[in-house]
Amino acid sequence: MDKQNRKAIIAGNWKMNMTPTEAGHLIDALVPAVQGANCEVVICVPFTDLCVAVAKCSGTNIHVGAENVHFEKSGAFTGEISADMLTDLGVEYVVIGHSERRQYFAETDETVNKRALAALNGGLKPIICVGESLAQREQGVTEELVRMQVKIALNGVTAEQLKNVVIAYEPIWAIGTGKTATADQAQEVCAAIRKVVGELYGEDAAKALTVQYGGSMNAKNAEELLGKPDVDGGLIGGASLKADQFAIIVDAASKG
Ligand code: 13P
């Protein structure tokens, strides 16, 4: 299976932006802007925006995701949200292991793995984020590090469950900095991710996997990044908060 046969996914990660009222306005603008998309369109929004997002995206081609999920099913975990709570709302995707969670909220490869398993067992599609810091890139350990992050994140994930997994390559130095990885850098690491998944699950599973790039992807650079053979979509931060910008990226992915 080559790129044309894989599912391209453009996902917005709103991070800690948008009140429910603001979310409603943004989705009202997004719905007509992306309705002709020839790729999967997802918005991953703060927990407090999920209700309005699910209601407004119902009957449209926009799928809704959360930005995190706890790994336990229920219980005394004040402030946490379970997979069952999300699926009951109508949420389909969840971002897991974003570098901001790893950096500021003590997420580790092990908790990323636990969350990925909880998401999959609860019926959610995890978008698992991996990526290196600038120091790690300069040290030349990007590929080793990303391979390890992928392996640990997928520990215990079955071949059947892998069909619902998306992996996002997000170099930390490119996030929110305006410093995009070059299309060749993105391609190189996305291909390495596909390779390690092939080692774990076989060629066919690797060829079917959607691998996204994220990190300052915007209306100007999306086409070049998404044109690379192993870059199947994008995880978009800042540019997902503007309907017109996001729609241009969705158009670029629709062209393949
Ligand atoms: P920016 O697009 O704002 O760089 O954020 C990327 C990101 O972290 C998406 O998860």
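Scope of the values below: all heavy atoms of this structure, side chains included, with no hydrogens, waters or symmetry mates. We count ligands from 1, going down the list as the structure has it; atoms in each ligand are counted the same way.
Put simply, the side chain of Arg6 never gets that close to the backbone of Asp232: no donor and acceptor are under 3.5 Å apart.
Annotation for Met148: hydrophobic cluster partners, listed by chain and number, are Ile152 (ILVMFWY side-chain heavy atoms under 4.5 Å, direct or chained).
Between Glu143 and Arg147 no salt bridge is recorded (no basic side-chain N to carboxylate O distance below 4.0 Å).
Checked against salt bridge (Lys or Arg N to Asp or Glu O under 4.0 Å), Lys220 has no partners two or more places apart in sequence or in another chain.
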Measure from every N or O atom of ligand 1 to the protein's N or O atoms and keep only the pairs below 3.5 Å, writing each with atom names and distance to 0.1 Å.
| from | atom 1 | to | atom 2 | distance (Å) |
| --- | --- | --- | --- | --- |
| ligand 1 | 2 (O) | Ser216 | N | 3.4 |
| ligand 1 | 2 (O) | Gly237 | N | 2.9 |
| ligand 1 | 3 (O) | Gly238 | N | 2.9 |
| ligand 1 | 4 (O) | Gly176 | N | 2.6 |
| ligand 1 | 4 (O) | Ser216 | N | 2.7 |
| ligand 1 | 5 (O) | Lys15 | NZ | 3.1 |
| ligand 1 | 8 (O) | Lys15 | NZ | 2.8 |
| ligand 1 | 8 (O) | His98 | NE2 | 2.7 |
| ligand 1 | 8 (O) | Glu170 | OE1 | 3.3 |
| ligand 1 | 10 (O) | Asn13 | ND2 | 3.0 |
| ligand 1 | 10 (O) | His98 | NE2 | 2.9 |
| ligand 1 | 10 (O) | Glu170 | OE1 | 3.1 |
| ligand 1 | 10 (O) | Glu170 | OE2 | 2.9 |

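The stretch residues 23-39 participates, sequence neighbours left out, in these side chain to side chain donor-acceptor pair (under 3.5 Å) pairs: Asp28-Lys56.
Side chains of His98 and Glu170: a donor on one and an acceptor on the other come within 3.5 Å.
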